[in-house]
Structure formats: C-alpha cells, structure tokens
Amino acid sequence: MTYKTVKYEVNGHIAKITINRPEALNALNSEVLDELNTLLDEVRANKDLRVAILTGEGRSFVAGADIKEMSTLTPVEAKEFGYKGLHVFRKLESLPIPVIAAINGFALGGGCEIAMSCDFRIASDKALFGQPEVGLGITPGFAGTQRLQRLVGPGYAKYLIYTAKNIKADKAYEIGLVQEVVEADKLDETVQKLAEKIANNAPVAVRASKEAINVGGQVDIDSAIKVEENLFALTFSTEDQKSGMQAFINKGQAEFKNK
C-alpha cells in the first residue's frame, strides 16, 4: 500500500516506519493516525519481520498532536480523536516484535506518548521531550499520564505534566525515559546495530520475552511468574532452541529460523 504521511521500508528482517510530515514537524493528525493504523496491521502480518524502528522525517521525531486540528474539536469529537490515538498507540505497543524509537528531535506531547509506546527509546543528543498539554488547557490524551508514570515513576511524571516543562535528552536518560543518548549523526547507525542484534537472536524467544514483560507487568507477581513459566516451556518446542543450545555446546554460531 502507498502511504502519504508515513514511510515504510523493509530491509531483511527489519522494518522502518518514518512519520513523514516534516513541514508540520511530523505532528499527528487524523490522517497520520489512520495511516499508522493500517501500516501496523501490515507490519503484524509480515511474519518475516523480527524488529521495527520508528522515527520521524527531518529535524523532528513527532512534535505532538496537530493543534490546528484539535483547536476546533467539541468534547465528543475530542474523545473520538483521543480514542483514535489511544487505539493506534496500543496497537504499536502490542506488536509481537520489538519496536525501537529512534528519537531524532522534538518528542513533545503525542510525540513523547508514541515514543513511550515503543519497547525502548534511543535519543539524539539534540532531542527534546515533554508533555506540554496543560499549557494548552488540556491533559495528555494518548495515555501520557499512564505510560509516563510507569516509566519514570509518579513523581517525575507529575513534575513534567504539571509544569509542562520540556527536558533535554540527557535529563530524559537520567530519569529513565530513554535508554541511550548518542550524537545526532550516530543515531541511525546506533539504532540499526541494535535492531540487527535483536534480529539475530531467536525470534520466537524475543517475542515470548516481550509478551512475558508486557503481560507480567500488568498482573500480580504470582500470575506474572506463571506467564513466564509457560512461555519458557514453550520455547523448548522450537527448532531455534535446539539450534541455539547445540551451537553453544559446540562453540559454534546458531542460525535461527524463526521456528
């Protein structure tokens, strides 16, 4: 399918999704959300994919939701717009394969929220993060109040949301919002190497690990342990487990076939 506001590339086992509205700093409007929704179904359907990268075109990751579109919404329309974003971000978060956010610039409002829907975040040293919504008379609407506190704790989440203050990449790293900060011209290379490292591991095991973390993080510890127990056992039914362990014993290199 051809997309207008997003770019989609597949290179081997790695997909790259780029929000492509550089003239609007990649702000999320209804069209972007609709195209992302369709594209994520395409990603899920491709069983050869092992990891995905999400980034933005130009000097911005995603500067936020489109304020021009939101400014005239009624409460009913705002709820529908919020639901659309929540649905798409949850679909992104729920992809069976890992998704890396490559944050090349502004990650504000909806941009910070979509980044938090990825498995982890690698930031350029020029990136800027924040939830500025209360300065516009609204709250975060794409689960920013929920994911932010889960990532950095309620104290920092309240600090950032209540003040509408933006923070630089080094502070985002300090509080645990991002996992690594690199020089701007090294971002693509760094993220590509991480994606390749993930793709070279046993795909069934990576997907099972993601499921264990995501499901286990939402339930009590006894239930979470049971989730891990079952997924651990499941991996022993795969060819990749046999290949991986045999290669280790023989001091060789496993070749994982996603089986």
Q. For the atom pair CE (M70) and CD1 (I138), what is the distance rounded to the nearest 0.5 Å?
A. 4.5 Å

Q. Pick from L54, I14, I100, V182: which one makes a side-chain contact (heavy atoms from CB on, under 4.5 Å) with V191?
A. I100

Q | Atom pair CG (D170) and CG (D125), whose distance is rounded to the nearest 0.5 Å | A | 9.0 Å

Q | Ion pair E239/K257, N-O distance below 4.0 Å | A | no

Q: Take V88 and S117 through the test side chain to side chain contact (heavy atoms under 4.5 Å, CB included) and record every step on the way to the result.
A: CA-CA 10 Å; V88 173; S117 301; over 6 Å; no

(Q) What I want to check is whether the side chains of E69 and S30 have a donor and an acceptor closer together than 3.5 Å. (A) yes

Q: Classify the ring geometry between H87 and Y83 as parallel (under 30°), tilted (30 to 60°) or perpendicular (over 60°).
A: parallel

(Q) Using 0.5 Å steps for rounding, measure from the CG atom of N201 to the CZ atom of R207. (A) 12.5 Å

(Q) Please check this pair: side chain of E113 against backbone of P140, looking for a donor-acceptor N/O pair closer than 3.5 Å. (A) no

Q.
Check this for me: does any side-chain nitrogen of one of K186 and E189 sit under 4.0 Å from a carboxylate oxygen of the other?
A. no

Q | Sub-4.5 Å side-chain heavy-atom contact between E42 and N46 | A | no

Q. Is a donor on one side and an acceptor on the other found under 3.5 Å between the side chain of H13 and the backbone of A199?
A. no

(Q) Atom OH of residue position Y8 - does it have more than 12 heavy atoms of other residues, nucleotides or ligands inside 6.0 Å? (A) yes

Q | Salt-bridge criterion met for E93 and R90 (N-O under 4.0 Å) | A | yes

Q) With a 4.5 Å heavy-atom cut-off, do S124 and I103 have their side chains touching? A) no

Q: Compare every heavy atom of F256 with every heavy atom of R50, then report the nearest pair and how far apart it is.
A: NH2-O, 3.2 Å

Q) Hey, does the side chain of N26 reach the backbone of F61 with a donor-acceptor pair shorter than 3.5 angstrom? A) yes

Q: Decide yes or no for P98 and V206: does some side-chain heavy atom of the first lie under 4.5 Å from some side-chain heavy atom of the second?
A: yes

Q. K7 pairs by side-chain contact (heavy atoms from CB on, under 4.5 Å) with which of I17, N20, I19?
A. N20

**Q.** NZ/NE/NH1/NH2 to OD/OE distance under 4.0 Å, D41 and K91
**A.** yes

Q: Give a yes or no on whether the ring-centroid distance for F81 and F142 is below 6.0 angstrom.
A: yes

Q) For atom CZ of R59, is the number of surrounding heavy atoms from other residues, nucleotides or ligands below 6.0 Å larger than 12? A) no

Q. Rounded to the nearest 0.5 Å, what separation is found between the CG atom of L28 and the OG1 atom of T5?
A. 9.0 Å

**Q.** Heavy-atom check, side chain of T38 versus side chain of D34, under 4.5 Å
**A.** no

(Q) Are I167 and I175 packed together at the side-chain level, in the sense that at least one heavy-atom pair is separated by less than 4.5 angstrom? (A) yes

Q) Do N104 and T55 have side-chain N/O donor and acceptor atoms under 3.5 Å apart? A) yes

Q | Side-chain (S71) to main-chain (K68) donor-acceptor, under 3.5 angstrom | A | yes

Q. Any donor-acceptor pair under 3.5 Å linking the side chain of K210 with the backbone of L95?
A. yes

Q.
Nearest 0.5 Å, please: how far is CZ in F89 from CD1 in I114?
A. 4.0 Å

Q) Is the closest side-chain heavy-atom distance between L108 and Q131 below 4.5 Å? A) no

(Q) When you compare the side chains of N11 and K16, does any donor N or O come within less than 3.5 Å of an acceptor on the partner? (A) no

**Q.** Note, L160 side chain near L148 side chain (heavy atom, < 4.5 Å)
**A.** yes

Q) Does a side-chain heavy-atom distance below 4.5 Å link I225 with E228? A) no

Q) Hey, what do you get for OG (S243) to NZ (K259), rounding to the nearest 0.5 Å? A) 12.0 Å

Q) When you check the side-chain N and O atoms of E57 and T18, is any donor under 3.5 Å from an acceptor? A) no

Q: For E31 and Y3, test the side chains for any donor-to-acceptor distance below 3.5 angstrom and give the result as yes or no.
A: no

